Engineer: 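Got a structure for you, written out below as structure tokens; questions coming shortly.
What's counted below: heavy atoms across the whole structure, side chains too, no hydrogens, waters or symmetry copies. Quantities reported herein were computed from a predicted structural model and do not represent experimental measurements.
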Amino acid sequence: MKNNLLDQLIPFVVKSPTNQILSQLTICFQQVTDDIFENILLNHFESILELEHWTWNVLSKDSRVWADDGQEYVRLFSQLAIFNQKLIFSSTNIHTKQTLLLPVDNEYIDQIFEQINRHDKDTDRFLSIVNIWFYNLALLIHEHNQLRTNSLINYLTQRIISEIIMNEQFSDYINELKISSPSISFKEQFYIKISLFILTEYVSSKPDNYLYNGQQILEYIADDYTNLLLLHSQSRSSWTDELFGCLTHLISLVNVCHQWIGFDDRSLQLFTPSNRTIFVYLDALISIFNQQIVLEHIRIYYENDQTILTINLLELFKYIIQFPNMKQFFRLKKTFADKLRLLSQTKNNQIILLSYYLQYKILSENDFQNLNSTETYFRITFQILQQKSIQIDSLLKDLLEISQYDFIKQIIYDFNLLKYLIELADHHLIVYELLFSLSFNLNIRNELNENQIFRQQCQQISSTNEKLQMIISAIQWNINENHIQSTIQQLNQQNHYDIFLSYSLKDKQFSKQLYIDLIDRQYRVAIDLNPKQFHRQILEAIQHSHFLILCLSENYKQNYFCRLQAQFAHEKQIKIIPILIDEFYRPDGWISILIGNLFSIDFTHSSYSQSIEILLNELKHPHTTVLDSLVIRHQPQSLRNSSISLDFSSKFIDQWTSNDVEQWLKVKNLSSISRIFTEINGEQLIELNKLIKQNSTEENLKYFQEKITFIEIQKLESLIDEQLQQIKQTKKSNPINCCRIVRLQR
């Protein structure tokens, strides 16, 4: 491109455009490659600004002047739009982008909207260009969230939500999509895809005093959106590019409205179809996720519908999985986990971070530890912490969760992330919670102990923030290398306890009932009423208790104050009795290491009354290991009188008789299933498990004739998997003996 050609052509285009001049200018922009982009922008800024303003002016005037016979206009606008996308994703400062890409005032918006309302042609050059122009506007808002406070953007979104989205005409447009392979005009694309995209980017800032809030928006679109989703999730072939774009931005709006509302299960229930469960909706989302996401189409930037859909689906799944029972639901979806692994191979950092977090939520600790994407995740984490990017708050919350695994703590240490976290602590107080979690790693504990800057920060924290003071006290206790040997002041006799009850606040209802029952039986029980904070008095109570009961659950595992209590009791050699109170949780990670071979009383597979009887017996006759409990521990009277055999370890599940299966189901509190399937043996039980995994949630409920609950189906699948895992572990640890056992049994 000649140096001054842009400066020469643009004035002619602005004053009296001809097809020849328009064509020449189009060619100029086609020649702007990435390597010369910044120079072009710097050297020709004034001319490009004049062209951008001219374009807004042309689009706002009567389009019949150019659109009816204006192919050269369309070619120039299309090429300029590509140039503008380069600008949006470039490192150019926001002021320059805003000056070039936003219209001068609201009048341009008003005039363009008037023209859109007048146009009815299915193929319209004006509407095609307007769609591209406003699509770029949404991309600009996404890349620079501070623009969400811009008065012009606010005006635009208010027109969109009041005149388009919350309008009967919008519902009519959505209904027109409820056919296979619908034909979608440029006008319909503007009203659905483009308008939704702009609105989504605006409301993602959770604006105060807006015309509508997230709940109101979801309530208005929920039925149409859900029905449309259920229809098109069944057939991949019905998805045209236009339909893909419309559904992408519908899903995106739903996602950001959920984030706006926060964790409220009432908003999730809006998407429960008539006479169906919420899992039908989730199956539809997962089907779209598995079928429509193509890795090759995902971009580094948030620039195309494939990338936008992927990110918003992952964010929506991350939101949904926090609700009760949802983690178990997603764990049943093997194809979902497989897709997450594939997405970890993309070059989009946000997708990698979201995929990794979701895998943390649904995989076992062993499977999570063996992921190939861990190094990539922490490389991106290192960059974000180093650059202090806008993603940092979300990242710190995720790090706090995944750092429950000890191998993650060591990786954080190996990546030298600690110094960046300490730098962030004063501006992001969640970092102190994260550092408390990390302080259970010996290397990190030593480094924190030796870091004078960190120690000074801790001393300077305002005493008015009670929660933060508690966390810092806990960190200081943890990193004090002499705390194990330290002697807590002796309490008088009245402050000695029989039991200290250690639990997560999220399991308060169960723990409170257990506390009352133990008190009723004349035990002296100490309990922490707020097990999310550190109190030295709590450690004193633990040290002067005969027993520590651990109420084990996923919640307990993730609570670092609970870990501090358990670890302190272990160090002080207090007798520990683990009880399982979460039917989907089995001890792993730090809990598994701490309790070792201790006998765990399972409150989830027996009735509460039976389980507490076992617990009371254990308090009277404590034992150290599972083996001890099997040999010595007396069963409660209610179980001794039962004819059910409790030992299924003598043979593998595939060799069980129908009587074995029936007894096993009753022991596991699944009698309702045993009543449905009579005379089913171990091999058939394995086949049933395969069928459960293959079917959707809705199909499984129908298969069981809705006589059992979704939770019972999940529990059955989990228990069968445990039995199958025993076979794998036995063969892996000693294949020769395994073969001998099989031959002997034959």
Engineer: Does any part of the side chain of I527, heavy atoms only, come nearer than 4.5 Å to the side chain of Y503, both counted from C-beta?
Structural biologist: yes
Engineer: Quick one: does R524's side chain have a donor or acceptor within less than 3.5 Å of a partner on H496's backbone?
Structural biologist: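 Yes, R524 side chain to H496 backbone: donor-acceptor pair under 3.5 Å.
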Engineer: Can you measure from CD1 (I577) to CD1 (I601) and round to the nearest 0.5 angstrom?
Structural biologist: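 Between atom CD1 of I577 and atom CD1 of I601 there are 6.0 Å.
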Engineer: After noting the C-alpha distance and the side-chain angles of T374 and Y356, does the key distance pass the side chain to side chain donor-acceptor pair (under 3.5 Å) rule?
Structural biologist: CA-CA 8 Å; T374 298; Y356 191 78; 3.0 Å; yes
Engineer: May I ask you to test the I574-F547 pair for a side-chain heavy-atom distance under 4.5 Å?
Structural biologist: no
Engineer: Any side-chain heavy atom of V431 within less than 4.5 Å of one from Y420?
Structural biologist: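 Result no, sub-4.5 Å side-chain heavy-atom pair not found.
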Engineer: Both conditions, 6.0 Å and 45 degrees, for the charged tip of K327 above the ring of F584: are they met here?
Structural biologist: no
Engineer: Do the side chain of S545 and the main chain of L548 share a donor and acceptor less than 3.5 angstrom apart?
Structural biologist: no
Engineer: Going by salt bridge (Lys or Arg N to Asp or Glu O under 4.0 Å), name the pairs with one or both residues in residues 586-606, residues two or more places apart or in two chains.
Structural biologist: K557-D588, R586-D602, R586-E722
Engineer: What class does the angle between the rings of Y405 and F368 fall in, given that below 30° is parallel, 30 to 60° is tilted and above 60° is perpendicular?
Structural biologist: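 The arrangement is tilted - the two ring planes meet at 30° to 60°.
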Engineer: Would you say Y497 and H546 make side-chain contact, with heavy atoms under 4.5 Å?
Structural biologist: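 No. Closest side-chain heavy atoms not under 4.5 Å.
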Engineer: Kindly indicate whether the side chain of F652, heavy atoms from C-beta on, has any atom under 4.5 Å from the side chain of Q723.
Structural biologist: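 Result no, sub-4.5 Å side-chain heavy-atom pair not found.
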Engineer: Check E447 with K419, please: is the shortest side-chain N to carboxylate O separation under 4.0 Å?
Structural biologist: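 No.
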Engineer: Would R445 and F440 count as a cation-pi pair here, with the cationic atom under 6.0 angstrom from the ring centre and within 45° of the axis?
Structural biologist: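 No, cation not above the ring by the 6.0 Å, 45° rule.
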Engineer: Atom CG in D654, atom CG in N681: separation rounded to 0.5 Å?
Structural biologist: 10.0 Å
Engineer: Whether R341 and D367 form a salt bridge (side-chain N of Lys/Arg under 4.0 Å from carboxylate O of Asp/Glu) is what I want to check.
Structural biologist: no
Engineer: Tell me whether the centres of the aromatic rings in Y377 and F415 are closer together than 6.0 Å.
Structural biologist: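 No, too far apart.
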Engineer: Under 4.5 Å between any side-chain heavy atoms of N478 and L448, yes or no?
Structural biologist: no
Engineer: May I ask you to check whether F436 and F561 place their ring centres under 6.0 Å from each other?
Structural biologist: yes
